[in-house]
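Reviewing the structure listed below.
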Number of protein chains: 2
Amino acid sequence: MKHTIFKTFCLAAVVFFCAASVCAADPLPSWNDGAAKQSIVSFVTKVTQPDSPDFVPVPERIAVFDNDGTLWAEQPMYFQAFFTFDRVKALAPQHPEWKDKEPFASVLKGDIKSALAGGEHALLEMVMATHAGMTTVEFEQIVTDWIATATHPKTGKRYTEMVYQPMLELLEYLRENGFKTFIVSGGGIEFMRPWAERVYGIPPEQVIGSSIKTKFELFDGKPELVRLPEINFIDDKEGKPVAINQHIGRRPIAAFGNSDGDLQMLQYTVAGSGASFCLYVHHTDAEREWAYDRQSHIGRLDKGLDEAGAKGWTVVDMKNDWKIIYPFEKK
Amino acid sequence: MKHTIFKTFCLAAVVFFCAASVCAADPLPSWNDGAAKQSIVSFVTKVTQPDSPDFVPVPERIAVFDNDGTLWAEQPMYFQAFFTFDRVKALAPQHPEWKDKEPFASVLKGDIKSALAGGEHALLEMVMATHAGMTTVEFEQIVTDWIATATHPKTGKRYTEMVYQPMLELLEYLRENGFKTFIVSGGGIEFMRPWAERVYGIPPEQVIGSSIKTKFELFDGKPELVRLPEINFIDDKEGKPVAINQHIGRRPIAAFGNSDGDLQMLQYTVAGSGASFCLYVHHTDAEREWAYDRQSHIGRLDKGLDEAGAKGWTVVDMKNDWKIIYPFEKK
């Protein structure tokens, strides 16, 4: 019996390594050949070859990814905002005061533009406020139900179908090369965790995000964590390196973002003592996705674009560097 | 070339699985045969056998361990307290006000008993205060230097030699069976991370603890995280399940502690929907280690001992269940 299990293990190992070996032929099939793709492959090669002067041991191969606009789309507004507005509508009967309180009032009137006028911080506060008052288990179920059914107003696709195929390949390529992949997002940590493992292959313990406080309570002797309407941490800009240190405890060697909100994370990554890699996804494809950068209210990329140019970071031109954007475009 | 690498991989896989197979003969050699050891093996067997009704998929095999008194000793006081007192002495010239401020004043007079009179929370505050004012990189170096040289007043051993050999075997046994092992300690997260990987095989991203706040700053364009003299989180009692949810994002299926400070973590673990395992290390060996429980100021085990009895949790009798305590006792 033990011998059979052992043989099965070895067979599984063979299949696994063969599969990895075949993939290595073109690990990034949805990337056009060009400087961006080449820079990724060069970096991975130099940090993984044992005889390379830039070799990095496996435990130190930490890669961090922003989510909104880096792993999935973020237009015409953050997908969590759609979720939040749906939650505002669902919870409105329990919150009569929202009728006269912005930005809730605008949401209930269907005036999304006014609701978003308060900017990202106001949005995050509204996100946190509408996500409290239940246990963590209940909230996970609410997110799971919503993400399985809600669809994007422009594409008609589920939000988890609007992830970037080239980035899925990049995540897998890095993991096959011994990297541990983390999400470090301004989005809600418990909004991402219920589906990040299925969609990105990133387990909950490698998802870092903004959060509200929770409280341990016993209900009839059964322990639960209750979500409180109080912001715990905003994982954006200067907050990203702070959260990386808190959750991971070592400096990443590779960082991927798309906006000025990711700049400090990239700066922190590149300041390490060994080889490092920074990449910005630049939204240049108005036809297949959206085109926006310096003037955008969502995912503004201005200072970051300048710094990427000055420091020689990789900037992905989505229109020219990516063969397809979404997995559903695959033939 | 590629084929050679492939063969090497397969060979490594064979060696790995063979080693695991041999270990399975007695995965816990420093544990005496008895109810405690049997309960561990029974649990691991039932959650890892694919045809078991209690089977748990690998990604959900989360095991959480307290540190002080569970993985290493904690008498006559927390080892981080020794570090803290050494830091108080080293930093005293920069803090003339400490001469008249408790508990610092007592430390500087060498009166440890008075310094500790304020209890655990006062100690933690002093810990945090003496650990601030430098970058995270500088602090890591301070801890690394101290842990390499400081010795315990009773045994004369380095603190990292005073880890429990049976628990090291347990950590490895769980990992060989697909568990991810985490530390969830009231101790400082950045005090444990510099040595936890080497000593316990637990990487920094799986170490959770109490923390002070940090701030992202640029010094001549170089980003650093500066440690602030402000408590961020106390990872004790009700805080442990909160931190587990924040860092791991899923409920553990196995939890290991030694004091009432771990009780909520064990309660939270056992409240999951599937099979779960809780274990208390009971300090019963006054000769080889220390004997203490209900009346101790450090690592008090009172309510937890009652609940363990009522709920049938495993309680390790260190004197009778463990063949040796520390690795240096190995023949």
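Sequence lines set the chain letters: A, B, ... in the order given, protein chains first and strands last, and positions in each chain run from 1.
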Side chain of [X], backbone of [Y]: donor and acceptor closer than 3.5 Å?
X: A/Asn177; Y: A/Tyr173; answer: yes
X: A/Arg227; Y: A/Thr136; answer: no
X: B/Tyr280; Y: B/Ser259; answer: yes

Side chain, backbone, both or neither: which part of [X] has an atom under 4.5 Å from a heavy atom of chain B?
X: A/Phe182; answer: side chain
X: A/Glu217; answer: neither
X: A/Lys180; answer: side chain
X: A/Leu218; answer: side chain

As an exercise: rank B/Arg251, B/Gln246, B/Gln264 by heavy-atom pairs under 4.5 Å with chain A and give me the winner.
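So the answer, after comparing B/Arg251, B/Gln246, B/Gln264, is B/Gln246.
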Please determine, among B/Gln206, B/Glu224, B/Glu238, the option with the most heavy-atom pairs under 4.5 Å with chain A.
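The candidate making the most pairs under 4.5 Å is B/Glu238.
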Might you confirm whether atom CG of A/Asp220 has over 12 heavy atoms from other residues, nucleotides or ligands at distances under 6.0 Å?
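Atom CG in A/Asp220 is not crowded, with 12 or fewer foreign heavy atoms closer than 6.0 Å.
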A/Asp235 side chain near A/Val242 side chain, heavy-atom distance below 4.5 Å:
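When only atoms from C-beta onward are counted, A/Val242 and A/Asp235 do not touch, as no gap falls below 4.5 Å.
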Taking the side chain as everything from C-beta on, heavy atoms only, tell me whether B/Glu190 gets closer than 4.5 Å to B/Glu140.
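Contact flag for B/Glu190/B/Glu140 side chains = no.
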Given that the side chain runs from C-beta out, which part of [X] has a heavy atom under 4.5 Å from chain A: side chain, backbone, both or neither?
X: B/Thr214; answer: both
X: B/Val137; answer: side chain
X: B/Ile248; answer: both

Among the options A/Glu197, A/Lys222, A/Lys215, A/Lys240, pick out the one with the most heavy-atom pairs lying under 4.5 Å from chain B.
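Looking at each of A/Glu197, A/Lys222, A/Lys215, A/Lys240 in turn, A/Glu197 comes out on top.
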If you count heavy-atom pairs under 4.5 Å with chain B, which of A/Gly221, A/Gly249, A/Pro59 comes out on top?
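Between A/Gly221, A/Gly249, A/Pro59, the count favours A/Gly249.
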Taking the ring of A/Phe191 and the ring of A/His131, is the distance between their centroids below 6.0 Å?
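No, the ring of A/His131 stays outside the 6.0 Å limit from the ring of A/Phe191, centre to centre.
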Check whether the ring centres of B/Trp313 and B/Phe277 lie less than 6.0 Å apart, and answer yes or no.
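Between B/Phe277 and B/Trp313, which both carry aromatic rings, the centre distance is not below 6.0 Å.
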